[in-house]
Every structure is written in C-alpha cells, then in structure tokens.
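Both counts, for ligands and for their atoms, begin at 1 and track the order of listing. One-based numbering along the sequence shown.
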Amino acid sequence: MGAGKSTGARSLAAALGAEAVDSDRELERRLGEPVESFFDREGEHSFRAREEELVVELLARHDAPVVALGGGALGSERVREALTAHTVVHLEVDPEEAWRRASGKGRPLARDPGRFAQLHGDRVALYESVADAVLPPGDRDTLRRALPALRALESAPPGTRLVWASAASGEYPVFLGRGLIEASFVYPTDGRRLVVTDENVARAQPFEGDEFVVVMPGEEHKTIHGAEFALRALAQAGAERGDLVVAVGGGVVGDLAGFCAAVYQRGIRYVQVPTTLVAQVDSAYGGKTGVDLPEGKNYVGAFHQPAAVVCDPAALETLPPEELSAGYAEVVKTALIAGGPLWARVRQGGAADAAVILGCIRTKLAVVAEDERDSGRRQVLNLGHTVGHAIEAATGYARYRHGEAVAIGLLVALRLSGRDPLRSEVAELLAAHGLPCSFSGASTDEVLELVERDKKRSGGRVPFVLVEAPGEVSPGHEVQPGELRAAVEEVNSG
Ligand SMILES: NC(=O)c1ccc[n+]([C@@H]2O[C@H](COP(=O)([O-])OP(=O)(O)OC[C@H]3O[C@@H](n4cnc5c(N)ncnc54)[C@H](O)[C@@H]3O)[C@@H](O)[C@H]2O)c1
C-alpha cells in the first residue's frame, strides 16, 4: 500500500504500449462496490477469495497487461504460483511513507498505524521471495527508466534478480544470479565490449568480449602505470565514446578499469563484473574508482558510476580460500551496519550465499544513495577501516590482506564502542571464517602513529565509526587516546 504501484504500472504500460490493470480497481468494477464496503461486510476471507480468482485470471491473459497487484494478493499460494511465469517488480516504500500515503482513505487495513506497520513488515518478506526486481523508493518514472533493464532480465539465466541502484549522479541496474559470467551477460547491450581483467581471472573466469585488456593481478599493479597500460590498450583497440568497458575481476580490476573509464576520452561507460567476495559485496557499487600512489592508497581517482553491475556468486568457486575469508570481513562489517535480517543471517555463521550477497548489495546501495560523495552517512562503510588501514600500512602492505586487517579493525571498533558481548560474538565469527583476531609484525605505537596521520588528513578529528548495536552504526566519533591505545594493544599479539 502506498508504494505507487498504480502510477508505476500506468507509466510502464504506456512505455510498453500495453494496458495497465489495477487489480483493486478491476475488482471493484466486478463487485459493483468499493473494496472497503465489501471488505467490511463480507470479511477479509471472502475478499481474498474473490481477489485470488481475479488476479489468477489477469495473469493468464495473453495480451500481457501490466498488473498493479493489491498489497495482499501475494498471500495466496495460487497467485504466487501464477506469478512464476511473469516478471515481478517489488516497489519498495518505507513504512512511514506508506502510512502517510495510504491512511485516511478508508482502506480497511490502513486504519490503525500499529497494525499497518506490522502488516508492512510481514508482507515485505513475502514480496522479496517472489520479486525478480527490486526498485527502491523513487520518483514515478523510475519504473519506466528501469524498463530496458527489466527486459534484459529475459535474456539472463533463470533466477537472476535485478536491484535498481540510484545515487545523486546516476542510476543503474545490478543483476545478481548464478550463470551470468558463464553466459557472458552484459548490460547495456549496445557498443563494443572492451573487457578489462587480470591474468588470474582471465584463466579462472573467462568472459567473452570484442577486445581484451589483461592487466597483472594484485594491488601493486593498481597504479598510474597500470592505468596508463590499460588506457593505451583501450586507445590501440580504437575504443570510442559509445563503447563499454567491462571490468571482470576483483576490487583491483574494478577500481582500475573504472578509473580508466572515467578518464578515457573524458569518460566512457563501464560495467562491473565482480569476481571476488570483496567486490561482490562492496567495491563494485557506488562509483568510487581510482589507483594508488606510492604516497597513499586510492590517492588518485574519480567518482564514476557504472552503467550496470553483473554479479555472479558462482565466480567465487574459483577464488582462493584466503581471498574468500578476506571478503568475509566486509560481509560482517556490512551486516553490522544493516542489522535486521542480514545480521540475523550472518551471525548464524554460514558461507556468504546469494541471499547474504544480496543483503550486502542492498545495504551498500542504500548508504550510497543517501550520501554518494562521502560527506556524512557513507562514512559508516569505514567501520573497522581506520585501524585496519593503519595495520596494513604498519606491516608494509605485505603481511595482511585488506580484509584481514579490517577484521582486526572491527574488533578494535567494537571495543571502542563498549560493546563487549557483540565484540566476542564477532571475534568468533571472524575466526571461524579463517580471519585473524590479532596482528603481529608492528608495534602498537607504529599503528597509533598511522591512525594519527589519518586524523591529520581529515582536519584534526578522529573520525571513528562506532556501533551502538547491529543496525545502529554512526560515523564521526571522537575517542580518547588512552582507550584507543588499550584497544589496539589488546589485538597486538607482538
Ligand atoms: N571502490 C570501492 O568502493 C572499494 C571498496 C572496497 C575495496 N576496494 C578496493 O578493492 C581492492 C581489493 O579488492 P579484492 O579483495 O577483490 O582484491 P583483488 O582484485 O586483488 O583480487 C584478489 C585476488 O583474487 C584473484 N581473483 C579475483 N577473482 C577471482 C576468481 N573468481 N577466481 C580466482 N581468482 C580470482 C585476483 O587476480 C587477485 O589475485 C583494493 O584495491 C581496495 O582498495 C574498493
């Protein structure tokens, strides 16, 4: 209720040259009276039976109308079954906005705010279970703009889901499903495909394209020199403005290829095809691209949103186990930021499956949608990173992978947050996934000095991200030097 289904269906139908049918309005026409009076007189059971008949009939029509479904229609097993043959779009709306739009109009289930919120929560899980596509709250034309991507779903492997990402500087579809890489699925479909990948990925996860740029693997090649190599290869391949850079690989390839796409001929489109867990849950989304300088990581870069992200969890099957572990630290970080169902799932301790990856994607996209340029909310994504970066730097970027250092940084952040039971639970989770809970090879002083340098860079403040509880994470906290020293000392195994 109140998500804008009727308006969305009309705009989509107009774009398709099809008819839009609103199941509530159609039901009223057949009943010969408003839904409210029928509902109040005959009761919900009777209403649902009539609704089920109608919706199943509408879904069997061959003239393919766009159907705006009544909010409760999915309660019927028959309706859910009939929907499997169709593309189902879930238009998200937050409960407060839905109440604002739906209340005061006599709707039988929108009369009491408490009951309404409860119903909203119960139904969301049902919607998610059948949705092929999820569109965040947007303007009335989002559905129409998403239409080409919705149509592209038809040529994607069965079971592929679409999540619509929107940020201030642009919007794009995220396709998530097994088999996308094997099918070399790319969206948008126009333009030549210039695949940028690294040697390991080219061997493990071959991807079809028109031209290939294969860079050396590893952070040490995410440099201006690496970018020059890739840019010149693009130029030699005759890449033009209408072409598409397809970045197939982990965060290194994604950041490097995204940066090249941002600056090549002042910017061409690129698609992220993330093949590591870090990239699938984090780095492929949000449009931060760049390369390192000897003076600092990610010191040169640009914001450049991808044209699409194509995420295939099957790619993780060839990933070395230590890389999978490193990515798991970002999963735990994201689940702490999200709280709710994602944290509930992650704390059970299983491997990061498609549902966990989806939860992480949506969390990251929601954070970026609020603050693309990192001026406020987006800083929560740095949870565990201040000390994590310092540990990486203090050990010469050689001893710990980024994710491993973040794991240790998370434990420091949770101690500084004063959340000791949560810290113990997270420590167990990290250890069970092969991640370190302490570091060696650098002194506490060296790590603190590097944190201090971070502080100088950000104008004298110690911008710590702290955790009140899963789902309640906030940036910009000052911490006392003594507390910080003790928290770092605790994870220094010497
Ligand atoms: N842009 C962002 O928002 C953002 C966010 C987080 C991290 N990052 C960046 O991401 C980078 C780290 O990314 P990463 O952890 O993915 O590392 P990575 O790209 O170096 O990949 C790790 C290793 O796995 C190999 N590999 C990748 N996919 C494989 C597969 N499917 N099968 C076999 N081998 C495979 C790679 O060749 C590499 O050797 C860092 O540079 C970091 O700065 C960026």
Side-chain angles (χ1 to χ4, degrees), residues 165 167 178 180-182 196-207 214-223 226-227 247-259 261-262 270 272-293 296-306 309-331 333-334 352 357 360-361 363-365 367-368 371-374 378-385 388-389 392-393 397 400-407 409 435:
R178 290 183 75 84
L180 284 163
I181 289 195
E182 205 185 335
V196 178
T197 187
D198 73 26
E199 287 170 354
N200 295 337
V201 180
R203 251 193 318 272
Q205 299 288 335
F207 201 91
V214 183
V215 300
M216 308 263 270
E219 186 76 29
E220 63 273 30
H221 298 289
K222 200 182 104 175
T223 57
V248 186
V252 164
V253 165
D255 281 10
L256 179 85
F259 175 64
Y270 76 114
Q272 292 273 22
V273 185
T275 61
T276 63
L277 189 52
V278 168
Q280 295 198 347
V281 301
D282 189 353
S283 66
Y285 320 90
K288 278 191 183 179
T289 73
V291 297
D292 304 334
L293 290 183
K297 251 189 93 161
N298 301 324
Y299 259 35
V300 177
F303 284 97
H304 187 41
Q305 298 294 345
V309 181
V310 175
C311 178
D312 181 351
L316 304 180
E317 284 157 17
T318 58
L319 194 64
E322 29 334 327
E323 295 294 347
L324 203 57
S325 294
Y328 195 77
E330 302 287 0
V331 170
K333 175 201 82 175
T334 310
I357 293 170
C360 292
I361 293 173
T363 305
K364 169 122 191 202
L365 293 180
V367 171
V368 174
D371 170 30
E372 183 182 337
R373 295 272 163 153
D374 222 349
R378 189 165 180 169
Q379 287 164 17
V380 296
L381 297 171
N382 277 333
L383 176 62
H385 281 59
H389 280 151
E392 265 187 289
Y397 293 100
Y400 297 103
R401 284 183 176 73
H402 175 68
E404 292 167 343
V406 167
L435 285 160

Supply the atom-to-atom distance Y270 OH to Q305 CD, rounded to the nearest 0.5 angstrom.
-> 6.5 Å
Checking side chain to side chain donor-acceptor pair (under 3.5 Å) against Q205, which of N200, T318, T275, D312 comes through?
-> T318
Give a yes or no on whether E199 atom CD has more than 12 heavy-atom contacts from other residues, nucleotides or ligands under 6.0 Å away.
-> yes
T197 side chain to G249 backbone, donor-acceptor under 3.5 Å = no
Solution key, residues 215-223 side-chain donor-acceptor pairs under 3.5 Å, sequence neighbours excluded:
from, atom 1, to, atom 2, distance (Å)
K222, NZ, D255, OD2, 2.9
K222, NZ, N298, OD1, 2.6
T223, OG1, H225, N, 3.4
T223, OG1, G226, N, 2.9

Working to the nearest 0.5 Å, report the span between CD of Q280 and CD1 of I357.
-> 4.5 Å
Protein residues having a heavy atom less than 4.0 Å from any atom of ligand 1 = D198, N200, V201, A204, Q205, P217, E219, K222, G250, G251, V252, D255, T275, T276, V278, D282, S283, K288, K297, N298, A315, T318, L319, P320, E323, K364
